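The chains referred to below are lettered A, B, ... by the order of the sequence lines, with proteins before strands, and numbering in each begins at 1. Predicted, not measured: the structure shown is a model, and the values here were computed from it.
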Amino acid sequence: MQAVALIDCNNFYVSCERLFRPKLNGKPVVVLSNNDGCVVSRSQEAKDIGIGMGVPLFTIEDQVKKHDIQVCSSNYTLYGDMSSRVHDSIAEFSNEIENYSIDEAFAILEVNRYSKPLFDSGLEIRKAVKAWTGIPTSVGIGPTKTLAKIGSKLAKKSSDGVFDLTNERVREEVLAKTSLVDIWGINVRTAAKLFKLGIQNALQLRDLDVRSARSALTVVGSRLVEELRGNPSIALEMMAPLKKTICCSRSFGGEVKTLTEMTESIINYVSTAAEKMRRPQLVANAIQVFIETNRFKEKGQYSNSATIKITPTDSTRELIGYATSILRHIYRPGYAYRKSGVILLGLQPSESETRRLFHEDTYLKDRKLMNAIDALNMKHGRQTVRFGMPLKREKAWTMNRNHLSPSYTTNIGEILRIRS
DNA sequence: TCTGGGGTCCTAGGACCC
DNA sequence: TCTGGGGTCCTAGGACCC
């Protein structure tokens, strides 16, 4: 028999900051997003004061002063590094690990009648991660990933830091007390839908017949019900699948009103995105540029995006050229812009990487084979159409971003002129 | 005045083909 | 008033996650 454990770092970013600044221990601490805009991590003390997740800093300034809350800018290099150490530590305890996010990992725990109880395994992992990395964790254990997730939430509140949901009776008790939004994959919108059907807690959802779940929430719903019943329906992904998109975007510190400044930002993002793409030897199929004004303001809104097809052989310099052309095309003067970004789409392994994958003597091959074959089949001839759009339809660009700006298309001639 | 960034999956429906 | 049928591919948009 097998069980799944979810090892979840407590207040991860704050815990990382505390490792290197022990003075923060025992005090309320928050870590902020880019531009020091929003709270993205809170210490227990900060949570107890009532600081919400994701709140803008300027809305809690009174509390910061009153409670002497320690405010940190984020340092993602540090968190990434600590994350690998945590994942490496967990790998000492299981051969089947999924590094699910920067602060979480699933691990398969083997159960047999001679081995120690799962609960003790949880304690052991927790203790080791703390000793080896300094990061406190919570461990949830259950027959499925969804149940392990629920367990980890309870573990955070328990004194042991471990909660085992493999026992069916315990599970039933817990599920009856678990609200819908505390289930992995259910947010307020979905919860509201279920509420209308008379479903108010995890136990009722578990006992909903699969067909109703499917008709209300599509396949996601039926998977959820199965998971809650203890039937694994969400596989453990030991190999991180290849990325399908790479995005680089930022909100500006203030308002940006000139094409020159916008162009500078776009050039930066393309360089960063291209670097992220080339390191794992990927190539992209298309590039998208988007721009937005301040979405929190009521008036003077504009946002837009456009995508063009690119080829694997395009250099970063060429990509910058395309991206700035796209920008010129979607940019409208007279607006105060707050955000811009670049997305590389349709990522595939490069040809050399594909060859390497073919020769690689591991199960890696199976997972990547489909992508690899696609990559080999990729055309190298340059086309200026958006993907999926045949040339004859003369619909190379599509402007869509949102309701604020109408969709329209331009013809190939215009694109060529812009690109040249 | 100040409001993050980077992803994935699913479905409906349009466009196209024979 | 009638106006095929079956299939694929693609995208936008919704929903969710950390």
Side-chain angles (χ1 to χ4, degrees), chain A residues 6 8-9 11-13 30-41 52-61 64 71 73-74 76 79-80 83 99-106 145-146 149 152 180-194 214-224 234-235 237 240-255 269 272-273 276 285-286 288 290 292-297 305-307 309 336 338-347 374 385-390 392-393 395 398-403 407 409:
Chain A
L6 176 69
D8 190 349
C9 299
N11 320 325
F12 185 55
Y13 297 169
V30 296
V31 173
L32 302 175
S33 62
N34 272 29
N35 291 328
D36 292 345
C38 293
V39 170
V40 292
S41 182
M53 180 64 175
V55 295
L57 178 62
F58 73 88
T59 62
I60 56 163
E61 265 158 11
V64 170
V71 178
S73 296
S74 42
Y76 290 102
Y79 311 149
S83 175
N99 291 332
Y100 174 66
S101 76
I102 193 160
D103 68 341
E104 289 166 274
F106 289 101
K145 289 166 90 174
T146 304
K149 270 273 200 185
S152 80
L180 294 173
V181 288
D182 285 331
I183 303 170
W184 190 34
I186 295 189
N187 207 334
V188 279
R189 269 169 275 242
T190 308
K193 246 186 227 173
L194 290 169
R214 179 182 277 264
S215 76
L217 311 178
T218 73
V219 290
V220 179
S222 46
R223 269 203 297 253
L224 255 168
I234 304 174
E237 299 201 38
L242 289 182
K243 272 200 202 324
K244 295 171 180 172
T245 61
I246 286 175
C247 173
C248 188
S249 70
R250 291 285 179 282
S251 294
F252 306 127
E255 295 179 333
Y269 305 152
T272 311
K276 278 198 222 172
N285 200 351
Q288 179 179 84
F290 66 88
E292 289 171 18
T293 52
N294 189 344
R295 65 194 165 99
F296 294 100
K297 283 189 179 171
S305 72
T307 313
K309 182 139 182 161
R338 277 304 310 269
K339 187 176 182 179
S340 65
V342 169
I343 309 179
L344 297 170
L345 306 118
L347 297 178
D374 285 348
V385 262
R386 184 179 181 164
F387 54 129
M389 300 293 188
K392 61 181 177 185
R393 287 174 54 214
K395 207 175 175 186
T398 308
M399 307 296 173
N400 49 52
R401 199 58 186 166
N402 62 25
H403 58 281
S407 294
T409 60

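- A side-chain donor-acceptor contact under 3.5 Å links A/Lys145 to the backbone of A/Ala235.
- For the pair A/Phe290 CZ and C/dG13 P, the computed distance is 15 Å after rounding to whole Å.
- When heavy atoms are screened at a 4.0 angstrom cut-off, A/Asp103 is found touching the sugar-phosphate backbone but no base atom.
- Computed from coordinates, the A/Leu224 CG to C/dA15 P distance equals 16 Å when rounded to whole Å.
- In terms of phosphate contacts, A/Ser74 brings no side-chain nitrogen or oxygen within less than 4.0 Å of OP1 or OP2 of B/dG4.
- Checked by atom type and distance alone, the side chain of A/Ser249 never pairs as donor or acceptor with a backbone atom of A/Ser340 at under 3.5 Å.
- Residue contacts for A/Ile186: at a heavy-atom cut-off of 4.0 Å it reaches the sugar-phosphate backbone alone, with no base atom in range.
- Nucleic acid contact for A/Ile183: sugar-phosphate only, since backbone atoms but no base atoms lie under 4.0 Å from a heavy atom of the residue.
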Check your understanding: Which dot-bracket notation, 5' to 3', represents the base pairing of DNA chain C when pairs are defined as Watson-Crick or G-U with both distances under 3.5 Å, crossing pairs as [ ], and inter-strand pairs as |?
Key -> ....||||||||||||||

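- Nucleotides C/dC2 and B/dC16 are separated by 27 Å at their P atoms, to the nearest Å.
- Among the nucleotides C/dC17, B/dG6, B/dG4, the one closest to any side-chain atom of A/Lys276 is B/dG6.
- Of all nucleotides listed (B/dG4, B/dC10, B/dG7), B/dC10 comes nearest to the side chain of A/Val219.
- The side chain of A/Arg223 contributes no N or O atom lying less than 4.0 Å from OP1 or OP2 of B/dC9.
- Between the NZ atom of A/Lys243 and the C1' atom of B/dG6 there is a distance of 8 Å, rounded to whole Å.
- Rounded to a whole Å, the CD atom of A/Glu237 is 8 Å from the P atom of B/dC9.
- Rounded to a whole Å, the CZ atom of A/Arg189 is 8 Å from the C1' atom of C/dG14.
- Side-chain atoms of A/Ser83 come within 3.5 Å of backbone N or O of A/Ile102 as a donor-acceptor pair.
- If you check every strand for non-hydrogen atoms under 4.0 Å, A/Ile246 touches sugar and phosphate atoms only.
- With rounding to whole Å, A/Asn34 atom CG is found 10 Å from B/dG4 atom P.
- Checking the phosphate oxygens (OP1, OP2) of B/dG6, a side-chain nitrogen or oxygen of A/Ser249 falls inside 4.0 Å.
- Dashed line: the shortest gap from a side-chain N or O of A/Arg214 to OP1 or OP2 of B/dT11 is not under 4.0 Å.
- Across B/dT1 and C/dC17, the matching P atoms stand 34 Å from one another, rounded to whole Å.
- Contact between the side-chain N/O atoms of A/Asn187 and the OP1/OP2 oxygens of C/dC17 is found at a separation under 4.0 Å.
- Residue A/Lys244 has a polar side-chain atom (N or O) positioned under 4.0 Å from OP1 or OP2 of B/dC9.
- A/Glu61 comes within 4.0 angstrom of no nucleic acid atom, judged by non-hydrogen atoms across all strands.
- Taking CG of A/Asn99 as the start and CD of A/Glu104 as the end, the distance is 11.0 Å to the nearest 0.5 Å.
- Remark: A/Lys149 is in phosphate contact with C/dC18, judged by side-chain N or O atoms under 4.0 Å from OP1 or OP2.
- Of the residues near DNA chain B, A/Gly254 and A/Thr218, the one whose nearest nucleotide (by heavy atom distance) lies more toward the 5' end is A/Gly254.
- Distance, A/Asp36 CG to B/dG4 P: 12 Å, rounded to whole Å.
- Remark: A/Thr245 is in phosphate contact with B/dT8, judged by side-chain N or O atoms under 4.0 Å from OP1 or OP2.
- A/Glu255 has its CD atom 11 Å from the P atom of B/dT1, to the nearest Å.
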